[in-house]
There are 2 protein chains.
Amino acid sequence: MHEDDIHLILSRLILAGRLPGRTKLGEHRLADIFGVSRERIRKVLHRLGHERLIEVVKNRGAFTIAPDLNEIHVIFEARRILESGIAAHLAETLTAAEIDQLREHVESEAEALRTGDRDTWLRLSAEFHHRLAALTGNPIIQRQARELVSRTTMLVAFYENSHGSQCGCDEHRAIFRALSAGERGRAVKAMSSHLALVETRLRPLACVDAGPTLESLIEEYKAEVLGAPA
Amino acid sequence: MHEDDIHLILSRLILAGRLPGRTKLGEHRLADIFGVSRERIRKVLHRLGHERLIEVVKNRGAFTIAPDLNEIHVIFEARRILESGIAAHLAETLTAAEIDQLREHVESEAEALRTGDRDTWLRLSAEFHHRLAALTGNPIIQRQARELVSRTTMLVAFYENSHGSQCGCDEHRAIFRALSAGERGRAVKAMSSHLALVETRLRPLACVDAGPTLESLIEEYKAEVLGAPA
DNA sequence: TTTCCATCGATTGTGCACAAAATGGCTTAA
DNA sequence: TTAAGCCATTTTGTGCACAATCGATGGAAA
């Protein structure tokens, strides 16, 4: 079991929101689960801490983060700022081919929504933002955006939106229209208000059940990562 | 000597551009210099690598980064995107007190420029961007912006701008005016063109001299960090 | 009964020793 | 003379054992 694999498994586990907040990630326990030395786990844990996916407290250990309302707001505000910049940039640099590509994506979203394929729609919905970041062609921006979008995904897992996720599709389309028209100001506004709405739709949910054990969850993701690396 | 101190010393050394590109940072050598165990150096080195301040190659060691022209462009493009978003945000949220604070800063820059205090002006110039990021009140954005501005500082040390650093002050003032007027579109444009101009002004310089030894440089910064922590 | 202190248990941090890998020099052959 | 391959040295990676630190539990005193 390689170090990167362990990192990937734990990342997905956290990002999928499968771990209750404040779950302790003991070094010895994880070392046993993965069947590797404690030092390797240590390294991964510190790396995750640096990526802000977990919280590492000196002499106390590593814990999953329980996002409070304030932190949620900070993350969404950061996304509004960063992705507004992305939208402003793209409005002036997108090529015709890239616009076509984006249009196809938005239509895929609409299609998934029509057929009621909620899982697909959720995936496409997050991918829309990833794709916008990728279209800047800038690896730094791409990394920063990916990090924030991922953390949002984690939040959505904690605070499930109650009813109308459906609204999002029209908002994406509005962003797309502004971008394809090359209207920078409108694109920025569309992006900003879209993210504000997504945040608003989040509603606190009763704290997740701690049903599955850490061991079983890791086994599940281990198979996924090692079997078919996406 | 604490771990954070070592990290801070090496950070400043790198950010100040005192180390030639591709300088090897050997673990054993640094351990001797700082008088600590190799493991502590290891940790710091990996942390610096994660912060992209150095490049850590598996089984090869850590090296300072020799920024090529393409990387410079990527960093400045990222700054344009991110700081455009920041400008757009601030244009709509700045309070009167914050505007006054900004005005004072810009005037300090102008003053430093008038008196020919180039070092002070350079510091204030970078601080202007840090301050804008801080004014968002968003720790995530602040961290991302600080990282990019720091990397730019490092670039400026490598590729010294030949003549007119002086131009920058008017550009900052233009940004300030747009922000204080609450004109989002103009603020974004001012920020974007300012950063584009800064990039343009950079000119490749003959590779820096390797004059001072690593040991003497570290001693210099060690005194600074431990004596008067800024 | 409550609060404070001390000791114990568990968990993380650190240094050391060994293993693995890569680079550079040296030898040899074409 | 040059190039290719091998060996030695240097440097990084890893596992293990011990030290330090933190939290909790239990007992004693007010």
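Chain naming here is simple, since letters A, B, ... match the order of the sequence lines and numbering starts at 1 in each. Everything quoted here is computed from the prediction, not taken from an experiment.
The separation between B:L25 atom CG and D:dT12 atom P is 10 Å, rounded to whole Å. Distance, B:H28 NE2 to C:dA17 P: 12 Å, rounded to whole Å. Straight-line distance from the CD1 atom of A:I41 to the C1' atom of D:dG15: 14 Å, rounded to whole Å. For the pair A:E27 CD and D:dG15 P, the interatomic distance rounds to 14 Å; values are reported in whole Å. Atoms CD (A:E3) and C1' (D:dG15) sit 14 Å apart, rounded to a whole Å. Here the P atom of nucleotide D:dG13 and the CD atom of B:E39 are 11 Å apart, to the nearest Å. The distance from atom NZ of B:K58 to atom P of C:dA21 is 9 Å, rounded to the nearest whole Å. For A:D32 and C:dA10, the CG to P distance is 15 Å, given to the nearest whole Å.
Where B:G26 and A:R38 meet DNA chain D, the nucleotide closest to each residue was compared, and B:G26 sits on the side nearer the 5' end.
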Stepwise side chain to side chain donor-acceptor pair (under 3.5 Å) check, A:H194 with A:H129
CA-CA 11 Å; A:H194 165 52; A:H129 292 272; 3.2 Å; yes
Start with the C-alpha distance between B:R80 and B:E199, add both sets of side-chain angles, then the distance that settles salt bridge (charged side-chain N to carboxylate O under 4.0 Å, His left out), and finish with yes or no.
CA-CA 10 Å; B:R80 279 199 297 278; B:E199 180 183 355; 3.3 Å; yes
Check the pair B:T64 / B:R22 against side chain to side chain donor-acceptor pair (under 3.5 Å), numbers first and verdict last.
CA-CA 5 Å; B:T64 56; B:R22 297 282 160 195; over 6 Å; no
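Residue B:K43 places none of its side-chain N or O atoms closer than 4.0 Å to OP1 or OP2 of C:dG15. Note on B:K24: a side-chain N or O is less than 4.0 Å away from OP1 or OP2 of D:dT12. The side chain of B:R60 places no N or O atom within less than 4.0 Å of a non-bridging phosphate oxygen (OP1 or OP2) of D:dT11.
The backbone N or O of A:H7 sits less than 3.5 Å from a side-chain atom of A:S11, completing a donor-acceptor pair. Side-chain atoms of A:H105 come within 3.5 Å of backbone atoms of A:L124 as a donor-acceptor pair (strictly under, hydrogens ignored).
Taking every side-chain heavy atom of B:R40 into account, C:dT14 is the closest of C:dT14, D:dT21, D:dT12. Distances were taken from every side-chain heavy atom of B:N59 (C-beta onward) to each of C:dT11, C:dT14, D:dT12; the shortest belongs to D:dT12.
Note on B:R42: a base of the nucleic acid sits closer than 4.0 angstrom, heavy atoms only.
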